[in-house]
**Q** 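Attaching a single structure in structure tokens format; questions to follow.
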Amino acid sequence: MEMHQPFTEITDETIHRMVHSFYDRVRQDPLLKDVFNNSIGDQWDPHLTTMCRFWSSVLLTSGQYKGNPMMVHMKVDGIKRDLFARWLDLFQETNQQLFTPEIADHIQEKAERIAQSLMLGIFYKPEDVKIGS
């Protein structure tokens with residue numbers, strides 16, 4: 001990734017840069033690339049557009065995203081709990097390079113809450129929770 005002055009604000013333009021930079025890394029990552037490529041196929045451009053809308057809605061409360069991320073992720077073949085940690089690591093690395101530390105931390109907090117919510121929805125099995133002895 002080329003060097004630049006860190007972004008000092010979150011805008012649709014900086015979100016676009018974040019999304020595209022991050023998914024460039026995902027597409028090269030040994031742990032993530034197959035799950036993403038198998039799920040997205042040749043639909044990367046629409047996926048990136050959707051992700052820009054999603055993050056704009058999350059970070060700017062723009063209302064651009066009108067989807068159901070839980071249902072989308074529940075249908076992903078090969079999704080595993082440990083992949084979320086790798087996703088979060090790459091996301092943090094990307095944003096630490098793009099934004100000031102305060103903004104990168106703010107974005108990461110949002111990402112961690114989203115990941116936690118997705119993991120609970122996808123992997124939580126009430127029958128696995130035992131109460132008592």
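All values below were derived from every heavy atom in this structure, side-chain atoms included, with hydrogens, water molecules and symmetry-related copies excluded.
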**Q** With Phe54, which residues qualify under ring-ring contact (aromatic ring centres under 6.0 Å, His included), at least two apart?
**A** Tyr65
**Q** The criterion is side chain to side chain donor-acceptor pair (under 3.5 Å); which residues satisfy it with Thr50, sequence neighbours excluded?
**A** none
**Q** Return the CD to OG distance between Gln97 and Ser21, rounded to the nearest 0.5 Å.
**A** 8.5 Å
**Q** Side chain of Thr61, backbone of Ser57: donor and acceptor closer than 3.5 Å?
**A** no
**Q** Apply ring-ring contact (aromatic ring centres under 6.0 Å, His included) to Phe7 and list each qualifying residue two or more places apart in sequence or on a separate chain.
**A** His4, Phe99
**Q** Please identify each residue that fulfils side chain to side chain donor-acceptor pair (under 3.5 Å) with Gln96, with sequence neighbours left out.
**A** none
**Q** Under the salt bridge (Lys or Arg N to Asp or Glu O under 4.0 Å) rule, collect the residues that match up with Arg86, sequence neighbours excluded.
**A** Asp29
**Q** Just verifying a value: how many Å separate Arg27 CZ and Phe36 CZ, rounded to the nearest 0.5 Å?
**A** 11.0 Å
**Q** Any chance CG of Asp45 has more than 12 other-residue heavy atoms, nucleotides or ligands included, within less than 6.0 Å?
**A** no
**Q** For Gln116, I'd like to know if atom CD has over 12 heavy atoms of other residues, nucleotides or ligands within 6.0 Å.
**A** no
**Q** Can you list everything that forms a side chain to side chain donor-acceptor pair (under 3.5 Å) with Ser62? Sequence neighbours excluded, please.
**A** Ser56
**Q** Report the residues that fulfil salt bridge (Lys or Arg N to Asp or Glu O under 4.0 Å) with Glu93, sequence neighbours left out, ordered by chain and then residue number.
**A** Arg25
**Q** Sequence neighbours excluded and cut-off under 3.5 Å, please list the side-chain donor-acceptor pairs for residues 100-110, or say none.
**A**
| unit_1 | atom_1 | unit_2 | atom_2 | d |
| --- | --- | --- | --- | --- |
| Gln108 | OE1 | Gln92 | N | 3.3 |
| Gln108 | NE2 | Leu88 | O | 3.2 |

**Q** Mind checking whether Ser39 and His47 have side chains closer than 4.5 Å, heavy atoms only?
**A** no
**Q** Identify every side-chain donor-acceptor pair in residues 72-85 under 3.5 Å, counting partners at least two apart or on other chains, and give the distances.
**A**
| unit_1 | atom_1 | unit_2 | atom_2 | d |
| --- | --- | --- | --- | --- |
| His73 | ND1 | Pro69 | O | 2.7 |

**Q** For the CZ atom of Phe91 and the CH2 atom of Trp55, what is their distance to the nearest 0.5 Å?
**A** 4.0 Å
**Q** Please name all residues satisfying side chain to side chain contact (heavy atoms under 4.5 Å, CB included) with His16, sequence neighbours left out, ordered by chain then number.
**A** His20, Cys52
**Q** Taking the six-membered ring for Trp, are Phe22 and Trp87 ring centroids under 6.0 Å apart?
**A** yes
**Q** Could you give the distance from CG (Leu60) to OG1 (Thr11), rounded to the nearest 0.5 Å?
**A** 7.5 Å
**Q** For residues Leu120 and Ile114: do they belong to one hydrophobic cluster (side chain heavy atoms under 4.5 Å, members Ile, Leu, Val, Met, Phe, Trp, Tyr)?
**A** no
**Q** Drop me the distance from Gln43's CD to Asn37's CG, to the nearest 0.5 angstrom.
**A** 12.5 Å
**Q** With salt bridge (Lys or Arg N to Asp or Glu O under 4.0 Å) as the rule and sequence neighbours excluded, what pairs involving residues 32-44 come up?
**A** none
**Q** Return the CD to OG1 distance between Glu9 and Thr14, rounded to the nearest 0.5 Å.
**A** 7.0 Å
